[in-house]
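A quick write-up on the structure given underneath.
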Amino acid sequence: MNDYYRDSQEHIADELLLVDLLTHARVVRHRAATRVKDDGFQGLYVAEEEIDALLDGGAPGGIRATAAGPGQGQGERLSEAAASLRKSIDDRVKLSLEQRVPLRLVRLAYLYGLTTAELQILTICLAPHVDLKYQRLFAYLQDDVTRKSPSVGLLIALLSSSPSDAFALRSMFSRRKALFREHLLEFVDDPYEKSKALPAREVTVDGRIADFLLGCDDLDHRLANIAELNDNEPSLTELALPEEIVARLLDFVGFYRKAGTNENFLFSLSGPYGPQKKEVAAAICRELGVALLAVDVPALRGSGVGFEQGIGLVLRESRLLPAALYFEGCDCLVEREDSEPLRRCLSRELDAQSFLSFLSSAATLNLQGSFGRQRFVEIDLPVPDYEQRREIWTQCLAGHAVAQDVDVRAVAAKYSLTRGQIIDAVATARTYALWRSPQGSEITEEDVRRACHAHSNQSLDRLAQRIEPKYRWDDIVLYEDTVGQLKDIVEMVAYKPIVHDAWGFDRKLSVGKGVSALFYGEPGTGKTMAANIIANELGMELYKIDISTVVSKYVGETEKNLSRIFLEAENSNAVLFFDEADALFGKRTEVKDAHDRYANVEVSYLLQRIEEFSGIVILASNFSQNIDEAFERRLRFIVQFPFPDEQSRLRIWQNVFPDETPLEPDLDFALLAGKLRISGGNIANIALTAAFYAARSGGPVGFEHLLRACRNEYRKTGRLWNAEELELVAPGG
């Protein structure tokens, strides 16, 4: 038979026929040396008749082993038939390769540099995965019904024809040789096996390798929830990327097609949270006609497989499929104390067998030089600009019922989302709308706002307190100038796309692209409420930073904490609010000792991060004189929150109680405003405490409840309370 193989299964079938001949020949020799005569132990051995039945038809030309009279000539004829079949297989394989027929066994030999003898060992170990008859045959030849996989000794006996052949074959079972080094074969996992001599140890083919040879491309089960194949992605020209980056990537695709897989490229893709980076990698692979295997690096580190073994399994999958590799969440390769061993392991494995790989991270990794044999390329993928986001929103919302209050321009301006995040946000908004009305409710502005928050980076919750914005302009009492400054902050965010993108200021600015503000004033004057109002007006979430979790007495820890906060906040589409920040943002001092020097480093680092931050950051301080002048130069807004005068206090008293709260009709808020020189925060506390007193008494809020609450507030703040001096008495008293 000299025609080529039509597929891989036909080739493996012939290889297994060769295993039949080799096994048949070994059975003949085995019977010449020993025979089982006592049938009283049926079940503890494999019967001769069963072996004859298993071998019947397994060899060409009608050569069979029989229980009676196996001769030396029969064994020689079987060996000659095996040699003839080996030559026929090799000839057909050559013809198949000329016809470009993909043969998996040949591909495996090419990938790992396997010799013919190693391939034969692999095929014999594969046989029980195809037909259980081989388990019985191997048990028979090893005189042990429990040994269903071939031992090293049996494999050598099946393939060797001389002592020199046997020694050469024995060396192939070293862990330094390809079969075991590349985890194609493995010793049977049995605690008793390890204590046995090498010839007595059983060998089996790795399950994933068996699946591959038999036509199954499912990923190794050990990589479940760690890796997945990525497909159905857009082309490079369909992605919302700067034209310059698209052009360079297309140039790379053209170069790579010419260079072939001998060139090992490693792309480091950095940018905001979201699927954009994976889409870029998948689009490149689509252009090159290869699959993309995505690997969750943090999940791999935390899995029971272990990082080193897991990377080995992943690299093996990339070669078998074949597929380029995409390592997601690579920030852990530089952020943790144990990062260096992980980088070395990854570099070693990629240098050994990778051809195209991608590292994905939020921040630039700066790993140039860490991967010796890789052509290392760093690409920073920015969030699509305003015009691109507006176009993506328009395309994604097309075909959906959308309420009139949804302003695509405002949404694109407020939320810096990647293309993938926008697609997911629209799907989530549609789900919110259906939940309200399965009959087909329109997508509203609130649906879009909630969806955008859901698909923004939520990791900031671990580092800051999320506050649901609820206040409006009517809830705060401030001077008109102060309110005007706060509204300027909102408008600067709203019109940022026009100034930065349409009018080109983004190209002129390297830093300072965000909106930064300092709110200063005495406690309780409305700084936190103002930050809440700004977040609410912008439809964003408010994150309040607890200074105690940021400042550290250990050198360098404060900077690390600040770095994590700003990194997560960059992609959270939220307002970042540092409350009572005097401890962190104080003036730099003259350097008298090491502590002063490091304190100044912390301030300088904070200045740098504020300038680099593209979102909204608000700093709150009780005393403006505590703020370093360098901050004042770099902050876009500095807003003073004055202590409320009598007229302002009266407005606060009049607005502090909800409409639903029952009040006595003769409450004199003007008297309270005139006699109690306290802040709006104090007034809010007094009103709430008085409401609880009234609820307990079962009546409306009265003057006596307010007096008790005032005394309580004064004690809490350490101020002296004197009712007669303040001339505060209940009406009619």
Side-chain angles (χ1 to χ4, degrees), residues 405 407 410 413-414 445 449 467-499 514-544 574-582 585 610 615-625 627 631-632 634-659 669-670 672-674 676-688:
D405 65 348
D407 185 347
K414 290 177 184 177
E445 179 188 23
R449 184 190 69 81
I467 300 175
E468 184 69 25
K470 295 181 179 179
Y471 294 117
R472 296 288 186 183
W473 293 119
D474 292 341
D475 295 318
I476 197 167
V477 177
L478 293 170
Y479 294 136
E480 188 175 339
D481 275 354
T482 305
V483 174
Q485 285 181 286
L486 298 178
K487 289 184 176 180
D488 286 344
I489 295 174
V490 174
E491 290 181 357
M492 178 168 284
V493 176
Y495 292 104
K496 181 180 175 183
I498 296 177
V499 175
V515 177
S516 55
L518 166 65
F519 293 172
Y520 73 91
E522 293 185 37
T525 51
K527 299 184 293 295
T528 302
M529 180 181 284
N532 191 299
I533 292 170
I534 289 173
N536 200 10
E537 287 295 310
L538 293 172
M540 297 181 175
E541 293 183 323
L542 177 66
Y543 279 91
K544 181 179 177 181
V575 176
L576 197 60
F577 180 60
F578 288 88
D579 192 18
E580 298 183 4
D582 306 82
F585 304 136
I610 289 177
I616 307 169
V617 58
I618 298 174
L619 319 176
S621 173
N622 294 333
F623 307 102
S624 62
Q625 62 268 27
I627 300 299
F631 279 102
E632 297 178 358
R634 288 169 169 83
L635 295 172
R636 196 65 57 87
F637 294 92
I638 297 180
V639 183
Q640 181 183 9
F641 285 73
F643 196 87
D645 58 18
E646 183 176 344
Q647 190 62 32
S648 298
R649 293 196 295 272
L650 176 58
R651 290 170 56 198
I652 295 172
W653 277 112
Q654 291 170 336
N655 294 332
V656 72
F657 288 101
D659 294 338
F669 289 131
L672 293 172
L676 297 179
R677 191 181 183 279
I678 54 180
S679 69
N682 297 133
I683 293 174
N685 290 338
I686 291 170
L688 180 61

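Below, all heavy atoms of this structure are taken into account, side chains as well, without hydrogens, waters or symmetry copies. Quick caveat, the model's predicted, so the values are computed rather than measured.
Scanning all heavy atoms of the two residues, the minimum distance from Ala413 to Pro497 falls at CB-CG, 3.4 Å. The minimum heavy-atom distance between Thr525 and Pro642, with the atom names listed, is CG2-O, 3.8 Å. Residue Pro469 comes nearest to Glu541 through the heavy atom pair CG-CA, 4.2 Å, listed as atom of the first residue, atom of the second, then distance. What you find for Met540 and Ala574 is that their closest heavy atoms are CB-CA, 4.3 Å. Asp475 and Arg472 make their closest contact through OD2-N, 2.8 Å (heavy atoms, listed as atom of the first residue, atom of the second, distance). Annotation for Ala517 and Ile489: closest pair CB-CD1, 3.9 Å, computed over non-hydrogen atoms.
Phe669 and Trp653 have parallel rings, their planes meeting at less than 30° on a 0 to 90° scale where 60° marks the start of perpendicular.
Contacts of Asp645 classified as side chain to side chain donor-acceptor pair (under 3.5 Å), with partners at least two apart in sequence or in another chain: Tyr479, Ser648. Ser516 pairs by the side chain to side chain contact (heavy atoms under 4.5 Å, CB included) definition with Ile610, Val617, Leu635, Arg636, not counting sequence neighbours.
Lys544 places no side-chain N or O within donor-acceptor distance of the main-chain N or O of Asp579, the cut-off being under 3.5 Å. Not one N or O on the side chain of Asn536 forms a donor-acceptor pair closer than 3.5 Å with the backbone of Asn532.
Separation of atoms CD1 (Ile533) and NZ (Lys470) is listed at 14.0 Å; rounding is to 0.5 Å. The structure places CD1 of Ile686 at 3.5 Å from CD1 of Ile678, a figure rounded to the nearest 0.5 Å. One distance of note links CG of Leu676 with CZ of Arg649; it measures 8.0 Å at 0.5 Å rounding. Between Asn655 atom CG and Asp474 atom CG the span is 8.0 Å, to the nearest 0.5 Å. If you take OH on Tyr543 and CZ on Phe577, they are separated by 15.5 Å, rounding to the nearest 0.5 Å.
Sparse packing is recorded around OH of Tyr471, with 12 or fewer heavy atoms of other residues, nucleotides or ligands lying under 6.0 Å away. Residue Glu480 qualifies as open at atom CD: its count of foreign heavy atoms under 6.0 Å is 12 or below.
In this structure, the side chains of Pro644 and Ile652 come closer than 4.5 Å at one or more pairs of heavy atoms. You'll find the side chain of Ile534 stays beyond 4.5 Å of the side chain of Val493, heavy atoms only. At least one side-chain heavy atom of Phe519 sits under 4.5 Å from a side-chain heavy atom of Leu486. A heavy-atom distance below 4.5 Å is found between the side chains of Lys527 and Asn622.
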Derivation of the salt bridge (charged side-chain N to carboxylate O under 4.0 Å, His left out) call for Glu646 and Arg677: CA-CA 8 Å; Glu646 183 176 344; Arg677 191 181 183 279; over 6 Å; no
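Residue pairs meeting the side-chain hydrogen bond (donor to acceptor under 3.5 Å, both in side chains) criterion with at least one partner in residues 483-493, sequence neighbours excluded, are absent.
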